[in-house]
Structure formats: structure tokens, C-alpha cells
Enquirer: 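This structure is in C-alpha cells; I'll ask about it shortly.
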Amino acid sequence: MQFTINTADPYSNARAGEIQTDHGSILTPIFMPVGTVGSVKALHLRDLKDDVKAQIILGNTYHLYLRPGLDVLFQAGGLHKFNGWDRPILTDSGGFQVYSLSGTRKMKEEGVTFSSHIDGSKHLFTPEKVMDIQRIIGGDFIMAFDECAPYPCEYEYAHKSMLMTHRWLDRCIERFSTTEPLYGYHQSLFPIVQGSVYKDLRRQSAEKIASLACEGNAIGGVSVGEPTDLMYEMTEIVCGILPKDKPRYLMGVGTPANILEGIAMGIDMFDCVMPTRNGRNGMLFTKEGIMNMKNEKWKTDFSPIELNGASFVDVQYSKAYLRHLFQSKEILAPMIASLHNLAFYLWLVTEARQHIVAGDFVSWKNKMLKQLMTRL
RNA sequence: GUGAUUGUAGCUCAGUUGGUUAGAGCGCCGGAUUGUGGUUCCGGAGGUCGUGGGUUCGACCCCCACCAUUCACC
């Protein structure tokens with residue numbers, strides 16, 4: 001993997017860069033659609049490539065490990081071969097899922113035991129095992145196994161949790177560096193900064209991560225319910241410490257506004273379920289603001305979903321028709337909404353990159369911020 | 001025509017031996033959703049209890065008539 005910064009914005013910490021991988025290059029800043037179980041919900045790969053113009057997608061260790069399972073993935077030759085996506089893939093480690101959706105989990109120094117949400121069966125994830133699993137899935141970028149501290153979180157818990165995440169990180173690196181990729185292309189391990197909403201913990205964690213020889217770095221434990229201002233504060237502190245010459249990934253973020261602010265702070269990579277999950281639920285993000293397509297006010301609005309939108313669905317379908325599809329619970333509704341939202345997110349980061357290169361990123365960003373969260 | 005049955009929110013229904021402002025699910029109208037369990041959660045509007053009488057301090061509930069429903073039999 002190689003990261004090149006093409007343009008550094010003189011008026012903010014934003015940068016326009018390029019990440020080269022064995023599955024092609026990625027122009028940054030970038031938004032990565034989430035494809036938890038190896039599929040970006042409601043979308044074909046053709047949609048993702050030609051319409052959304054996704055450059056990289058996510059997969060999830062926890063979900064893929066439970067289903068289809070490692071045997072299937074290994075026999076398939078890895079996730080790229082399995083789902084047909086020939087561009088880069090990043091896999092999340094499952095630390096977040098163990099936190100977010102396992103009612104019964106036990107954290108120990110060794111790792112986490114949890115029960116499957118599918119059949120209740122018990123499993124143990126250790127840093128070593130999570131590295132092995134991600135070797136088998138075969139993502140171009142793989143994530144260290146961490147504990148995502150909840151919010152709110154007592155200082156003492158956050159501190160202990162961070163230290164354990166650091167020890168797990170050392171074990172991840174040890175395992176990663178003594179194993180080889182299984183399918184003939186390079187994999188990059190990203191460590192994750194934790195520390196909850198405490199500045200000194202964030203600094204301490206960022207310094208630990210900055211001292212490592214990893215190819216890129218991630219900021220985790222954000223967007224878990226804390227106020228947006230705190231998220232920005234933590235991100236800014238951490239970005240001041242992480243090395244500038246490596247890509248920075250802000251995990252799980254966020255709204256269009258969050259992404260623009262993140263870019264301004266020096267973040268290069270984002271992922272979030274918001275465009276797809278909220279899209280399936282009827283919420284559309286546009287340049288002018290957000291729309292709830294279930295609202296009655298669209299009932300007879302036969303105008304296009306979005307004039308000058310980023311994908312063909314924007315002019316192919318009207319607001320009234322899309323509302324009707326949501327009312328009728330037609331499968332086409334979440335398909336259109338997901339495609340629209342992802343195309344918009346990719347448009348947003350691509351546009352941001354162009355403005356960084358052009359030198360007017362900050363003024364463009366400030367103009368966009370006023371529009372993005374307007375309720376239409 | 002005769003006998004029986006049922007009539008409560010847009011729909012399907014609950015409603016204790018008669019006791020305050022009649023409830024639920026779904027639907028509808030809004031809102032939430034940030035490293036995805038094809039979700040989930042939170043609000044809101046909406047009823048002259050078929051109609052008209054009667055009994056009673058008090059009726060969705062008991063009595064009478066009528067209307068409508070469904071079924072069976074002529």
C-alpha cells in the first residue's frame with residue numbers, strides 16, 4: 001500500500017490524496033459504503049461501480065465469520081472472489097459488533113466471548129483469531145481488534161479499556177506480522193485510537209498508535225451517542241498527533257456535515273451506515289438538505305427526486321412515486337434511496353477533494369454546511 | 001318470510017358481576033437512527049360504542065323497537 005498526498009489545503013488540515021492498493025487506487029478523502037455481510041444492502045455491484053462510483057467497500061468480520069463462515073470464504077478464495085468486487089475492501093474487526101449487538105458478552109484479557117445473534121452459539125474472539133479471520137476474508141485493509149467504549153463512560157472504565165485495546169493491538173501486530181496474506185495480494189493493518197471523550201486518554205492513545213509502523217491509522221469509539229462537539233474535539237486532538245503521511249480513518253462517521261468537518265480536520269477515510277440505513281427508512285440526503293420521503297407532502301410532487309443529482313435515479317423517478325413505493329413497502333424504494341444516498345455521499349467527498357485541489361475548500365465547505373442539514 | 005348471529009377507531013378485535021377522561025394490534029401522520037440483526041425505537045391524530053326509546057344515581061354492558069351484517073331453513 002502507498003499513500004500520496006497530492007494537495008494539502010493551506011487553510012485547513014484537509015488533504016487530497018491517493019491510496020494505492022493491489023486492487024487499484026483510491027482518491028481521498030473517500031467515503032466507503034458499508035457492506036456488512038459482503039453486500040451493500042439493496043445494491044448491485046454494477047450500481048456501486050457505475051452509479052455510486054464507490055472506490056472501496058466495507059465488510060464485517062463478525063458477520064462474515066458467523067455467516068457464511070470461514071470455510072466458505074476460504075474455499076471461495078476470499079471475499080473479493082466470493083462477492084465479485086474487484087476493487088479494495090476494508091474489513092472491520094468486529095469489536096464494534098461485540099459491543100453493539102451482543103447482549104451476553106464477557107470481556108477478558110484473552111479476548112471476548114459472545115453469543116451469536118443468529119443461533120446463540122458461543123464464540124471467542126481474541127486479537128490473534130481476529131487477525132486470522134481477516135486474513136481469510138482477505139480485505140485490503142484490516143482493522144485491529146479493539147474494545148469500543150460505550151457512551152457515556154466513566155473515566156476509569158475508559159482508561160482500562162484503552163489500555164487493554166493497546167495490549168490487544170500489540171498482539172494483533174505480532175500475529176499480523178508473523179502471518180502472510182492467503183491470496184497473493186497485500187493487506188494493511190490499521191490500529192485504532194480509543195479513549196472515549198477524555199482528552200488525555202485520546203492523546204495517550206494517539207501517541208501509542210502514532211509510534212507504530214502501521215500503514216494507516218483509525219479513530220474509533222466516536223459516533224456512539226456523544227455530542228457532536230465532543231466528537232469533533234476528540235478528532236481534532238487525535239489528528240494533531242497521528243502522522244500526517246499516513247491515511248486517517250474516522251470510523252462510523254457520519255452525517256454529510258460530520259464528513260466535511262472531518263475532512264477539514266485531516267481525515268481521509270469515512271464509513272457509515274447512515275446513507276443506506278436511513279435511506280431504507282425513507283430519508284434522503286441531497287445538496288439542498290434532507291427529505292423524509294414518507295412525508296405526506298410529497299404525495300403529489302411529481303418533480304424529480306433531485307435535479308442535478310448524482311445518480312440516474314434522481315431524474316428517473318419522481319418524489320411522489322418514491323413516496324408511493326415507500327408507502328407500499330416496495331423493494332424498489334430502499335433500492336432507489338440507497339443508490340441515491342450513496343451516490344450523494346460519494347459526490348460530496350469527490351467534490352470536497354476537487355475544492356481542496358482548487359484551494360477553496362473551506363469556503364465551499366461553509367456554504368455546503370448551511371444547506372446540508374436543512375429539512376426540506 | 002322464519003330462526004339464529006353480529007354491530008365499539010380507517011381495518012381486525014378487546015372491554016371484568018353496570019361505575020371516572022372506552023383500549024390494543026395493524027394502518028395513517030410526524031420524529032429518531034453515525035465501525036448495519038433488511039431494523040428498531042419514540043411521539044401524535046382518530047370513536048355521538050348501528051339508530052331511536054326505556055330501566056337506573058349511573059349504560060359499550062340490561063330491556064324494547066327499528067336498521068344493517070352473516071349463516072341456516074322454507
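Numbers restart at 1 for each chain; the letters A, B, ... are given by sequence-line order, proteins then strands.
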Enquirer: Given pairs defined as Watson-Crick or G-U wobble with both distances under 3.5 Å, what dot-bracket annotation applies to RNA chain B, with ( ) intrastrand, [ ] crossing, | other strand and . unpaired?
Expert: ((((.((..((((.....[...)))).(((((.......))))).....(((((..]....))))))).)))).
Enquirer: Using the side-chain heavy atoms of A:Q327, tell me which of these nucleotides is nearest: B:C28, B:G31, B:U40.
Expert: B:C28
Enquirer: Please determine, for the side chain of A:N281, which listed nucleotide (B:G38, B:G31, B:U33) has the closest atom?
Expert: B:U33
Enquirer: Quick one: A:M373 CE to B:G31 P, roughly how many Å, whole number?
Expert: 13 Å
Enquirer: Hey, does A:R67 reach any base, or is it just sugar-phosphate, or nothing, if we go heavy atoms under 4.0 Å?
Expert: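 It contacts nothing in the nucleic acid.
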Enquirer: Looking only at side-chain atoms of A:M274, point me to the closest of B:U34, B:G35, B:G38.
Expert: B:U34
Enquirer: Which one, B:G31, B:C29, B:G35, comes nearest to the side chain of A:R323?
Expert: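 Nearest nucleotide to the side chain: B:C29.
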Enquirer: Rounded to the Å, how far apart are A:L342 CG and B:U34 C1'?
Expert: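 My rounded result for the distance is 14 Å.
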Enquirer: Which whole-number value in Å describes the distance from A:L250 CG to B:U34 C1'?
Expert: 10 Å
Enquirer: Going through the checks in order, is the side chain to side chain donor-acceptor pair (under 3.5 Å) test met by A:N281 and A:K294?
Expert: CA-CA 9 Å; A:N281 224 329; A:K294 293 181 179 173; 3.2 Å; yes
Enquirer: Within the pair A:R280 and B:U40, is there a side-chain N or O less than 4.0 Å away from OP1 or OP2?
Expert: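 No, because none of the side-chain N or O atoms of A:R280 sits under 4.0 Å from OP1 or OP2 of B:U40.
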Enquirer: Between B:G38, B:G35, B:U34, spot the one nearest the side chain of A:V273, thanks.
Expert: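 Among the listed nucleotides, the one closest to the side chain of A:V273 is B:G35.
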Enquirer: Between B:U33, B:G31, B:G35, which nucleotide has the shortest distance from any of its atoms to the side chain of A:N278?
Expert: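 In terms of side-chain proximity for A:N278, the closest of B:U33, B:G31, B:G35 is B:U33.
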Enquirer: Which is true for A:G221 with a 4.0 Å heavy-atom rule: it touches a base, it touches only sugar-phosphate, or it touches nothing?
Expert: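 Base contact - A:G221 has a heavy atom under 4.0 Å of at least one base atom.
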Enquirer: At under 4.0 Å, does any side-chain N or O of A:R277 touch on OP1 or OP2 of B:G35?
Expert: no
Enquirer: Run the salt-bridge test on A:E128 and A:R171 with the 4.0 Å N-O cut-off and return the result as yes or no.
Expert: yes
Enquirer: Consider the side chain of A:T228, meaning its heavy atoms from C-beta on, and name the nucleotide among B:G38, B:G35, B:U34 that approaches it most closely.
Expert: B:U34
Enquirer: Check whether any side-chain N or O of A:E215 sits under 3.5 Å from a backbone N or O of A:L189 as a donor-acceptor pair, and report yes or no.
Expert: no
Enquirer: Can you tell me the distance, in whole Å, between the CG atom of A:L90 and the C1' atom of B:G35?
Expert: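 It is 9 Å, rounded to the nearest whole Å.
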Enquirer: Using the C1' atoms only, state how far B:G58 lies from B:G19, rounded to an integer number of Å.
Expert: 7 Å
Enquirer: Output the rounded distance in Å from NZ (A:K297) to P (B:C29).
Expert: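 Going from NZ in A:K297 over to P in B:C29 covers 13 Å.
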Enquirer: Can you tell me if the side-chain N/O atoms of A:N292 get under 4.0 Å from OP1 or OP2 in B:G31?
Expert: yes
Enquirer: Pick from A:R87, A:H186, A:Q187, A:H80: which one makes a side chain to side chain donor-acceptor pair (under 3.5 Å) with A:D140?
Expert: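 Considering A:R87, A:H186, A:Q187, A:H80, a side chain to side chain donor-acceptor pair (under 3.5 Å) with A:D140 is found only for A:H80.
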Enquirer: Should A:D170 and A:K208 count as an ion pair when the cut-off is N to O under 4.0 Å?
Expert: yes
Enquirer: In whole angstrom, what separates A:R248's CZ from B:G35's P?
Expert: 22 Å
Enquirer: Which one, B:U34, B:G38, B:A32, comes nearest to the side chain of A:C272?
Expert: B:U34
Enquirer: Is the shortest heavy-atom distance from the side chain of A:R135 to the side chain of A:R175 under 4.5 Å?
Expert: no
Enquirer: When you measure from the side chain of A:L58, which nucleotide among B:G35, B:C29, B:U34 comes out closest?
Expert: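 The listed nucleotide nearest to A:L58's side chain is B:G35.
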Enquirer: Indicate, with a heavy-atom threshold strictly under 4.0 Å, whether A:N295 touches base, sugar-phosphate, or nothing.
Expert: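 Touches sugar-phosphate only.
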Enquirer: Mind checking if A:A218 touches a base, just sugar-phosphate, or nothing, with heavy atoms under 4.0 Å?
Expert: nothing
Enquirer: Check every strand shown and say whether A:D146 touches a base, only sugar-phosphate, or nothing at a heavy-atom separation below 4.0 Å.
Expert: base
Enquirer: Determine the interatomic distance between C1' on B:C28 and the same-named atom on B:A45; round to the nearest Å.
Expert: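 Straight-line distance between the two C1' atoms is 9 Å.
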Enquirer: Report the relative orientation of the aromatic rings in A:Y183 and A:F74; use parallel for angles under 30°, tilted for 30 to 60°, perpendicular for over 60°.
Expert: tilted
Enquirer: Starting from P on B:U34, measure out to CE on A:M269 and report it in whole angstrom.
Expert: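 For the pair A:M269 CE and B:U34 P, the rounded distance is 21 Å.
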Enquirer: In whole Å, measure the gap between the P atoms of B:G50 and B:A59 for me.
Expert: 15 Å
Enquirer: Toward the 5' end of RNA chain B, which comes first, A:T276 or A:I290, by nearest nucleotide?
Expert: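 Nearest nucleotide further toward 5': that of A:I290.
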Enquirer: Heavy atoms only, 4.0 Å cut-off, all strands: where does A:I192 land among base, sugar-phosphate and nothing?
Expert: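 If one applies the 4.0 Å heavy-atom cut-off, A:I192 turns out to touch a base.
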Enquirer: With clusters defined by side-chain heavy atoms of hydrophobic residues (ILVMFWY) lying less than 4.5 Å apart, directly or transitively, does A:L169 cluster with A:I241?
Expert: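 A:I241 and A:L169: separate clusters.
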Enquirer: Which whole-number value in Å describes the distance from A:H117 NE2 to B:G37 P?
Expert: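 Atom-to-atom, A:H117 to B:G37, this comes out as 7 Å.
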Enquirer: Taking the same atom, C1', in B:U8 and in B:C41, what whole-Å distance lies between them?
Expert: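 Pairwise C1' distance, B:U8 against B:C41, rounds to 30 Å.
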Enquirer: Given A:I137, which partner from the list A:L79, A:I89, A:N60 fulfils the side chain to side chain contact (heavy atoms under 4.5 Å, CB included) test?
Expert: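 So the option named by the test is A:L79.
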Enquirer: Could you tell me how far B:C62 sits from B:G18 if I compare only their C1' atoms? Round to whole Å.
Expert: 8 Å
Enquirer: Which whole number of Å gives the distance between the C1' atom of B:G27 and that of B:G46?
Expert: 12 Å
Enquirer: In whole angstrom, give me the gap between the P atoms of B:C49 and B:G7.
Expert: 15 Å
Enquirer: Say you pick atom C1' in B:G43 and the same atom in B:C67; how far apart are they, in whole Å?
Expert: 40 Å
Enquirer: I want to verify a distance call: between B:G30, B:G38, B:U34, whose nearest atom is closest to the A:A42 side chain?
Expert: B:G38
Enquirer: Check the angle between the aromatic planes of A:F344 and A:H340 and answer parallel, tilted or perpendicular using the 30° and 60° thresholds.
Expert: parallel
